[in-house]
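In the text below, chain A, chain B and the rest are named by the order of the sequence lines, each starting its count at 1.
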Protein chains: 2
Amino acid sequence: MPAVPEGALGLRADARQNRDRIVEVARRLFADRGLDVPMATIARHAGVGVATLYRRFPTKEALVTEVFADQFEACVSVVDDALADPDPWRGFCTAIEKICGMHAADRGFSTAFVAAFPEAIEIERERDRAIQAFAELTRRAKAAGRLRADFSPDDLALLLMANCGVITGSAEEAEAASRRLVAYLLSALRAEQADPLPPPARLSLHDVLNSPASATRPVRRADSGPTAHQETTARQGTGDR
Amino acid sequence: MPAVPEGALGLRADARQNRDRIVEVARRLFADRGLDVPMATIARHAGVGVATLYRRFPTKEALVTEVFADQFEACVSVVDDALADPDPWRGFCTAIEKICGMHAADRGFSTAFVAAFPEAIEIERERDRAIQAFAELTRRAKAAGRLRADFSPDDLALLLMANCGVITGSAEEAEAASRRLVAYLLSALRAEQADPLPPPARLSLHDVLNSPASATRPVRRADSGPTAHQETTARQGTGDR
DNA sequence: GGTTAAGTGGACAAGGCTCTCCACTTAGCA
DNA sequence: TGCTAAGTGGAGAGCCTTGTCCACTTAACC
């Protein structure tokens, strides 16, 4: 993450200020209300017009990506820190707790993270590194005999999505819920657990991070058409879902 | 749940048929695509006009309530069945597995359940009974020494919301993810777990089931206004969030 | 101070949604 | 068969979104 975001490089001083304020305001609004705050609201809170907003960030997605880029980096470095811990199990637990806590504290981030914007190119390289780092952390925690052997690194996606699920209500409620859920989950992950698990979900971290589903571009399947009843064929071609 | 829904009582034969088809189609569409299928799509698939749809169900919420009323009842009877099981822990586990499985199999239901429509009056009485039944199940499973003592009946809300979080992608993916998550969670709930938990989240079942947040009426906080910068007071009165 | 390219804001286009209105059709009954 | 209340479909109102356009303003350099 460069100290000056590359998008703000050749900007005139006033434009630069406006851009900074937009990002700052967007971060706060996304955190408080989630990703579906309208662009006009962000613009108004930043004291600019919508045109200015769209001049800096051609789509809402671009704004979201920019806003959460460094939060994503923070997640990555949490995993790095965990790898540096001499006790791999402690590292593992702290990493999960920290990441889930970050999500719980930021409504927009949790959505953005799970939704994931494939266009976040500067993130892409980091992402693969993070996945490998977490896999290594997993390996070590298992080797230390603390993490159950049938845990799959892809289960991280499962945990994160579950964590997102409990993020509702006020920030404090969300954080309390997340903390308790994570405590449950971590105690399920200890090696002493004997009950066998059903097969890992086909929800790998790669899938989640490249999913077409997104809060700003919701998944919309093509209309498969009616399967019965007197639906006339003439009505079909409306393009309606 | 009456055999003939009270909404369909004095209806003319053709109207009755249309109503039934609407509910059937809506159930299928909600299950496949979630709650945000447009009303027009439902009408089209049912082979009726939107006006007909709105004549039977004055709001989308009313339709959703009707569609999921019996699924809700099914959840309640799952808890009843669990209470009838001589082994309370087995009953407890099966209940959770079944309910989570039902949610995973039905994208719309999971949303509707967590969102919860306070207006679903006929459900209201059932709801309190279900909550008490689950509390009783909890008590027995603890008494049998199988469920960890610090489990709170309100944690059911936590589990259900977490489960909702992993419902993405195809139906099979969702069910696989849910199964694995539930397996993790149940192993965390066994009495042998020693690690103390953080305090229960202030997410009681009552709260969740009466939450103002909803998929059809998303939570919208009042705009608190900007906290800094040169926002003019004149711009404030636009009613924008 | 004057020039000018960069920056700006507000109106508006395009398209989505829920829900309403009203002129027309039809089931049910004598 | 013919009457009538019940039922109907489609157009469109009203509101929300994201994103565009263009006449105006202003920072930055001479």
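At D/dG9, none of the side-chain N or O atoms of B/R44 fall inside 4.0 Å of OP1 or OP2 (strictly under the cut-off). Close to C/dG9, at under 4.0 Å from its OP1 or OP2, lies a side-chain N or O of A/T52. Applying the 4.0 Å criterion to OP1 and OP2 of D/dG7, one finds that B/N18 has every side-chain N and O outside that range.
In terms of position along DNA chain C, the nucleotide closest to A/A15 lies nearer the 5' end than the nucleotide closest to the other residue of the pair B/M39 and A/A15.
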Original post:
Base, backbone or nothing for each nucleotide of nucleotides 20-30 of chain D, written B, S, -, heavy atoms under 4.0 angstrom, 5' to 3'?
Top reply: BB----BSS--
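Counting only distance, with no hydrogens or angles, the side chain of B/K98 and the backbone of B/V79 share no donor-acceptor pair below 3.5 Å. Between the B/R27 side chain and the B/V67 main chain, a donor and an acceptor come within less than 3.5 Å of each other.
With rounding to whole Å, B/L53 atom CG is found 14 Å from D/dG7 atom C1'. Across the protein-nucleic acid pair, A/F57 atom CZ and C/dT8 atom P stand 12 Å apart, rounded to whole Å. Between the CZ atom of B/R16 and the C1' atom of D/dT8 there is a distance of 19 Å, rounded to whole Å. Rounded to whole angstrom, the span from the CG atom of A/L35 across to the P atom of D/dT18 amounts to 11 Å.
Checked for salt-bridge contact, A/D32 and A/R107 miss the test: no charged N lies under 4.0 Å from a carboxylate O. With respect to the salt-bridge test (charged N to carboxylate O, under 4.0 angstrom), the residues A/R19 and A/E24 do not qualify. Using a 4.0 Å cut-off between charged nitrogen and carboxylate oxygen, A/R56 and A/D20 do not count as a salt-bridge pair.
Of all nucleotides listed (C/dG7, C/dG9, D/dG7), D/dG7 comes nearest to the side chain of B/R56.
Using a 30° and 60° split on the angle between ring planes, A/F68 and A/F109 fall in the parallel class, below 30°.
Among the atoms of the strands shown, none is found under 4.0 Å from any heavy atom of B/R19.
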